[in-house]
Amino acid sequence: MSEPVNNEPAGKASHFIRDVVMADVAAGKQNGQVVTRFPPEPNGYLHIGHAKAVCLDFGIALEFGGRCHLRMDDTNPAKESMEYVEAIQADIRWLGFDWGEHFFYAADYFERMYEFAEALILKGCAYVCDLSSEAFKEYRGVPTRPGKESPFRNRDPQESLDLFRRMRAGEFPDGSRCLRAKIDMASPNLHLRDPVLYRILREPHYRTGSDWCLYPMYDFAHPLEDAFEGVTHSLCTLEFEVHRPLYDWVVSQLAPPIVPRQFEFARLNLAYTVMSKRKLLQLVQEKQVSGWDDPRMPTLCGMRRRGYPPEAIREFCDRIGITKYESLTDLALLEHCVRDALNRTALRRMAVLRPVKVIIDNLEQDLDVQAVNNPEDETAGSRTLTLTRELWIEQDDFMLEPPPKYFRLTPGKSVRIRYAGFLTCERVVQDDATGAVKEIHCTWNPPEDKLKVKGTIHWVSATRGVPATVRLYDRLFTVPEPDGDKEVDFKSHLNPESAIEVQAMVEPSLAEAQPEQAFQFERVGYFCADRYDHTAGAPVFNRTATLKDLWAS
RNA sequence: UGCCCGAUGGUGUAAUGGUAGCACAGCAGACUCUGAAUCUGCUUGUCUAGGUUCGAGUCCUAGUCGGGCAACCA
């Protein structure tokens with residue numbers, strides 16, 4: 001494990017997994033060693049749910065001076081690829097974690113696993129079964145009824161061994177035979193009813209090529225991977241809870257020096273999104289989104305492109321806690337963490353998303369003013385802005401007939417313009433046909449005049465400002481649980497207004513923004529220069545989050 | 001219906017037999033050259049019924065509700 005990657009406070013809330021690890025360390029179990037692992041299958045991109053596991057796995061190791069392995073759990077060649085391996089590594093690094101030298105592929109253990117399987121056969125603890133998959137299901141029984149023993153269950157170990165070797169040699173067609181553990185066909189736990197350990201599958205593997213036509217199943221492979229690596233605490237999600245007896249069975253058969261133990265916690269459910277890899281893949285393939293890194297996706301690369309800082313995601317994962325209760329986390333908590341991080345770090349700039357023109361009739365010459373870059377950070381300094389005779393202001397910041405408590409610009413009234421004095425609306429030019437406001441003519445007062453106004457609005461010089469494409473992102477779905485109803489296609493809840501593009505006018509310095517640089521457009525929200533599309537000549541910004549707006553409600 | 005797991009304000013969580021606390025959200029106010037941020041205050045909670053105990057959110061029993069398990073996926 002390398003240096004801690006963040007300096008977040010050490011005082012974390014307790015949870016049952018931390019308690020277990022703490023107790024184990026205190027009791028001197030496993031020589032006081034703490035070794036965890038994050039074991040993704042490289043068949044999709046990492047999302048915020050995985051981030052919860054990553055933060056737990058790496059966080060626990062960091063906290064107890066142990067190490068966390070990154071391991072590709074690649075035992076099913078049909079869906080896995082190197083593209084995903086690389087994306088997973090990049091996302092975890094971006095999140096802020098480092099596995100050092102401890103990067104592994106389950107596929108690299110295939111030979112060792114195979115050898116152990118042979119040993120199991122010789123011990124009489126596993127056998128080759130010739131049942132078809134239909135017959136297999138028939139014999140297994142159902143949860144409420146015990147299963148029946150396979151007619152091949154008591155086959156001579158030597159015969160099983162011979163068949164197993166011929167399975168490896170490719171003598172039998174896919175699915176014709178499998179290797180099974182000999183445990184208990186009457187167990188109320190289906191996973192203990194002689195589970196399949198190996199299947200015949202002629203599928204090239206992205207790492208081992210066509211070396212194998214035999215692949216181990218998760219329940220056999222995973223405990224072995226953990227044991228081979230000396231993992232002490234194997235943390236996974238709740239659906240594997242019923243697999244634990246099998247996990248322990250495999251480990252006890254191997255009897256490794258370090259006995260890994262599995263602990264399960266609830267996966268993250270986030271409101272207004274879907275977390276299943278299958279559904280996310282579907283959104284990508286059906287082009288409902290621009291890709292895995294679409295800023296509306298709950299993927300880490302999507303959130304990165306949206307402008308979510310990694311420390312905000314880590315903070316979020318810290319705050320949601322670890323339990324065995326399957327909850328639905330409010331999106332507002334994630335957004336709070338994002339705003340909190342950005343408020344402290346993002347440079348303030350002015351940008352007008354939906355411009356309307358103001359003409360200052362009494363401004364004789366351009367005027368330079370100083371603007372603070374970040375009121376939360378003195379070291380961020382200030383910049384010079386130029387007030388010019390023609391300005392852009394937000395359409396929302398002017399109303400011909402304002403409702404009560406409207407603090408912005410209205411006919412005959414005054415408003416402060418950020419850092420540059422006051423505007424008083426004298427007259428309005430409207431479009432003859434539509435009545436739309438075309439020009440707002442104002443008189444200007446310097447800051448020293450201290451006009452009594454309630455509001456301050458932002459502005460961009462019409463002659464100095466530059467045009468920019470701004471993408472306004474919102475939640476991808478319109479309901480808290482898009483996949484909550486099995487009868488209804490989750491895609492029917494897609495939010496048609498989740499991505500709106502506008503042509504904005506922004507202050508000149510924004511053209512020089514670096515890709516991925518974060519800003520607060522004052523009074524509007526947090527934005528970042530798009531990682532891929534932004535250039536000085538054609539600036540592109542993504543809305544990360546709006547500012548909280550009490551007035552809007 | 002067999003087995004396993006779970007249930008604390010609107011949401012997420014803490015309290016490890018001894019005063020139910022924190023955060024988010026919401027509401028009200030203060031401050032403010034961002035209707036932001038910040039600060040102050042407030043509303044709201046132990047699934048039900050029994051039992052053990054001086055004392056139960058916590059332990060036990062039963063029930064209710066929710067989730068998981070019947071891929072040769074992970």
Side-chain angles (χ1 to χ4, degrees), chain A residues 13-16 19 39-41 43 73-76 78-80 106 129 131-133 136-137 140-147 174-180 187-193 195-201 215-219 221-222 236-245 264 266 268 271 277 316 319-337 339-340 343-344 348 350 371-372 375-376 405-408 415-422 447 450 453-458 480 520-526 546-553:
Chain A
S14 82
H15 55 67
F16 72 99
D19 291 348
E41 183 185 14
N43 68 346
D73 207 3
D74 49 5
T75 56
N76 181 7
K79 304 185 284 184
E80 299 155 1
C129 181
L131 250 26
S132 68
S133 64
F136 177 93
K137 282 172 189 157
R140 183 182 42 209
V142 292
T144 51
R145 279 199 318 277
D174 288 8
S176 59
R177 283 175 228 262
C178 65
L179 183 73
R180 292 228 254 167
S187 172
N189 184 338
L190 282 302
H191 299 280
L192 257 22
R193 319 242 265 228
V196 174
L197 266 26
Y198 271 92
R199 63 192 188 282
I200 302 173
L201 181 65
Y215 292 95
M217 303 298 293
Y218 170 87
D219 283 317
H222 206 89
C236 63
T237 43
L238 247 30
E239 67 267 29
F240 294 104
E241 211 161 14
V242 285
H243 296 241
R244 185 166 8 108
E264 312 85 13
L268 169 68
K277 276 194 212 173
F316 171 74
R319 290 210 199 190
I320 55 178
I322 302 292
T323 67
K324 301 186 76 147
Y325 174 69
E326 291 166 57
S327 56
L328 180 66
T329 297
D330 200 332
L331 197 55
L333 182 60
L334 212 210
E335 290 176 340
H336 167 80
C337 294
R339 290 191 183 106
D340 190 51
N343 178 48
R344 285 180 271 115
R348 270 56 171 176
M350 288 201 281
V372 172
E376 306 287 328
K405 294 192 179 171
Y406 184 80
F407 298 160
R408 288 108 99 152
V415 75
R416 178 181 287 112
I417 52 173
R418 187 76 161 145
Y419 297 118
F422 303 88
K450 292 189 166 45
V453 296
K454 298 279 287 219
T456 300
I457 64 173
H458 58 279
Q520 184 198 96
F521 291 175
E522 291 205 45
R523 301 209 312 130
V524 178
Y526 294 101
T546 59
L547 247 33
K548 284 210 323 195
D549 186 358
L550 292 176
W551 164 249
S553 54

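Residue numbers start from 1 in every chain, and the chains themselves are labelled A, B, ... in the order their sequence lines are given, proteins ahead of strands. This structure is a prediction, so every number in the text was calculated from the model and none was measured.
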Identify the two heavy atoms, one from Phe422(A) and one from Lys450(A), that lie closest to each other, and give their separation to 0.1 Å.
CE1-N, 3.7 Å

Please state how far atom CZ in Phe16(A) lies from atom P in U13(B), giving the value in whole angstrom units.
11 Å

Find the distance Glu326(A):CD to G6(B):P and express it as a whole number of Å.
11 Å

Aromatic plane relationship, Tyr218(A) with His243(A) - under 30° parallel, 30 to 60° tilted, over 60° perpendicular:
perpendicular

A25(B) P sits how many Å from Arg319(A) CZ, rounded?
9 Å

Drop me the distance from Phe240(A)'s CZ to His191(A)'s NE2, to the nearest 0.5 angstrom.
9.5 Å

Within this structure, what is the CD1-to-C1' distance between Ile320(A) and A25(B), rounded to whole angstrom?
17 Å

Whole Å only: how far is the OH atom of Tyr325(A) from the P atom of A14(B)?
13 Å

Rounded to whole Å, please give me the gap between NE2 in His243(A) and P in C73(B).
13 Å

Classify the glycosidic conformation of A71(B) as syn or anti, calling it syn when the angle lies within 90° of 0.
syn

How does protein contact run along nucleotides 34-41 of chain B, one letter per nucleotide 5' to 3', with B for base contact, S for sugar-phosphate only, - for none, heavy atoms under 4.0 Å?
BBSS----

Taken to the nearest whole Å, NZ/Lys79(A) to C1'/A74(B) is 6 Å

